[in-house]
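The figures here come from the full heavy-atom set of this structure, side chains too, leaving out hydrogens, waters and symmetry mates.
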Amino acid sequence: MIESLSTWEKIKTDVLIVGGGFGGLWASIKAVDSGCKVTLVEKSFAGKCGHSYFAGGASQVLLPEDEIDDYVYDITLGNEWIVDQNMIRAVFEGSYQRLKDYEAFGINFQKDKNGYVWTKARGTQNVKNIWPQHATGATML
């Protein structure tokens, strides 16, 4: 027979984040940086769950010399026009700053004399993958 638990712990928090994958961890960091008290809930181990842990670590980044409309078109086309184009635009508009945030966290990306080394994202004409140097998704998390 299982006895019912009669004790609950109440937690007061400004921000509740559900999920400890890359998105949840990133949201937690940004919320703490904004001065919020953050509670992150994860069914497993934060940073070792979700797809990001198993990924290669590449980031799709709109570099300063790239055209945002080309990126939005590529992603929209690749998703057969079933995507929020404003959201895609917003993500790419912030992507270069996210790359700089990663670097501030100590993650180095492959570079040569011309700048970042990149590969074309699969299925696109313009979107660039920027690769970490000696890191994977697990390392980045």
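In Glu67, the CD atom is not crowded: 12 or fewer heavy atoms of neighbouring residues, nucleotides or ligands sit closer than 6.0 Å. By the neighbour-count criterion of 12 heavy atoms within 6.0 Å, atom OH of Tyr73 is sparsely surrounded, having that number or fewer from other residues, nucleotides or ligands. More than 12 heavy atoms of other residues, nucleotides or ligands sit less than 6.0 Å from atom CD of Glu65.
Atom CD of Gln85 and atom CG of Asp69 lie 10.0 Å apart (nearest 0.5 Å). From Ser95, atom OG reaches atom CD1 of Ile130 across 9.0 Å, with rounding to the nearest 0.5 Å. Atom OG1 of Thr119 and atom CD of Gln110 lie 9.0 Å apart (nearest 0.5 Å). With values rounded to the nearest 0.5 angstrom, Tyr116 atom OH is found 5.0 Å from Tyr96 atom OH. To the nearest 0.5 angstrom, Glu93 atom CD is 11.5 Å from Ile88 atom CD1. Leu63 contributes atom CG, which lies 7.5 Å from atom CG of Leu99 (distance to the nearest 0.5 angstrom).
Taking the six-membered ring wherever Trp is involved, the centroid distance between the rings of Trp26 and Phe105 falls below 6.0 Å.
Looking at Glu103 and Arg98, no side-chain N of the basic residue comes within less than 4.0 Å of a carboxylate O on the acidic one, giving no salt bridge. Residues Arg89 and Asp84 are not paired through a salt bridge, judged by the lack of any N-O separation under 4.0 Å between the basic side chain and the carboxylate.
Proximity of Phe109 to Tyr102: side-chain heavy atoms (C-beta onward) are separated by under 4.5 Å at one or more points. At a threshold of 4.5 Å between non-hydrogen side-chain atoms, the residues Ile75 and Phe92 count as touching. Between Val15 and Thr39 there is no side-chain heavy-atom pair separated by less than 4.5 Å.
Each of Asp70, Leu77, Asp74, Asn129 was compared with Thr124 under the side-chain contact (heavy atoms from CB on, under 4.5 Å) criterion, and only Asp74 meets it.
With hydrogens and angles ignored, the 3.5 Å screen pairs no side-chain donor or acceptor of Asp14 with any backbone N or O of Cys36. Judged by distance alone, with hydrogens and angles left aside, the side-chain atoms of Lys128 form no donor-acceptor pair with the main-chain N or O of Gln60 at under 3.5 Å. Of the possible donor and acceptor atoms, one in the side chain of Tyr71 sits under 3.5 Å from a partner among the backbone N and O of Val61.
Linking Ile, Leu, Val, Met, Phe, Trp and Tyr whenever their side-chain heavy atoms come within less than 4.5 Å leaves Leu62 and Val117 in two separate clusters.
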